[in-house]
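Just below is one structure, and these are the notes that go with it.
Whatever order the structure lists them in is the order used to number ligands and atoms, beginning at 1.
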Amino acid sequence: MNLELVTELPDDYEAFRYYVEDYDELSDSELDALVEEIAAPIIKAVDCTQCANCCRSLDVYLTPGDAERLSQGVLIPLSEIIDHPRAEMEGEWGVFKQQPCAFLNEKLCSVYEHRPTSCREYPAFTPDFRWLLGDLLGGVGICPIIYHTIEELKKRLKW
Ligand code: SF4
Ligand code: SF4
């Protein structure tokens, strides 16, 4: 499976988003099931430890529970996580805006056992793939899992 960054994105993704929004041969739950079926073998085939593009290029969102777990797991005072100069609060959520992520060690997460939920769930295709698709398309050039899943979905939906 190719892990290279996709630098030349097909210019039809926006049109594909509208196609999926209007695609009425599958209900939302049927579409979710199809996307999960497509993504499962791709997720298995991709070795994230050889990629780490998401850790290098995305903001990291932390729930209060994530911050607490991280603090206890890596023995950093909670205040140091919340008041980190590159962190911001959005309501109850914290956002690490440092890129690459401060916890990335070459291509490996140095706090893997204690990593935030948003890291554990990335890339999330469901629930409600139709609604998530707009955001997911923003990750096509970053994440090979997203790229290959979307490309296979295009074929299955006869795009
Ligand atoms: S906490 Fe770990 S998994 Fe999450 S972005 Fe940082 S390095 Fe990546
Ligand atoms: S989730 Fe995607 S971007 Fe992140 S390491 Fe895995 S393949 Fe790369």
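Against a heavy-atom cut-off of under 4.0 Å, V60 is close to the following atoms of ligand 1: 5 (S). The distance from ligand 2 to the heavy atoms of C54 drops below 4.0 Å at these ligand atoms: 1 (S), 3 (S), 4 (Fe), 5 (S). Within ligand 2, the atoms closer than 4.0 Å to a non-hydrogen atom of C51 are 3 (S), 5 (S), 7 (S), 8 (Fe), numbered from 1 in the order shown. Close approach of ligand 2 to V46 is summarised as follows: ligand atoms under 4.0 Å from at least one heavy atom of the residue are 7 (S). Interface atoms of ligand 1 facing C119, defined by a heavy-atom separation under 4.0 Å, are 1 (S), 3 (S), 4 (Fe), 5 (S). Residue-ligand proximity, C101 to ligand 1, at heavy-atom distances under 4.0 Å covers atoms 1 (S), 5 (S), 6 (Fe), 7 (S).
With C48, G139, C143 as candidates, the residue nearest to atom 2 (Fe) of ligand 2 on a non-hydrogen basis is C143.
Surrounding CH2 of W131 are at most 12 heavy atoms belonging to other residues, nucleotides or ligands under 6.0 Å away. Within 6.0 Å of atom CD in E106, 12 or fewer heavy atoms from other residues, nucleotides or ligands are found, so the atom counts as exposed in its surroundings.
The part of A52 lying near ligand 2 is the backbone, judged by heavy-atom distances below 4.0 Å.
Salt bridge annotation for K155-E151: absent, with no cationic side-chain nitrogen under 4.0 angstrom from a carboxylate oxygen.
A donor-acceptor pair is defined here as one N or O able to donate and one able to accept, closer than 3.5 Å; no such pair exists between the side chain of S71 and the backbone of A67. When atom types are taken as modelled, the side chain of D32 and the backbone of S29 share no donor-acceptor pair closer than 3.5 angstrom.
When each of V140, I43, I145 is paired with P123, the side-chain contact (heavy atoms from CB on, under 4.5 Å) condition holds for I145 and for no other.
Put simply, C55 stays out of reach of atom 2 (Fe) of ligand 1, with no N, O or S atom under 2.8 Å from it.
Between Y61 and W93, the ring-plane angle classifies as perpendicular under the 30° and 60° cut-offs.
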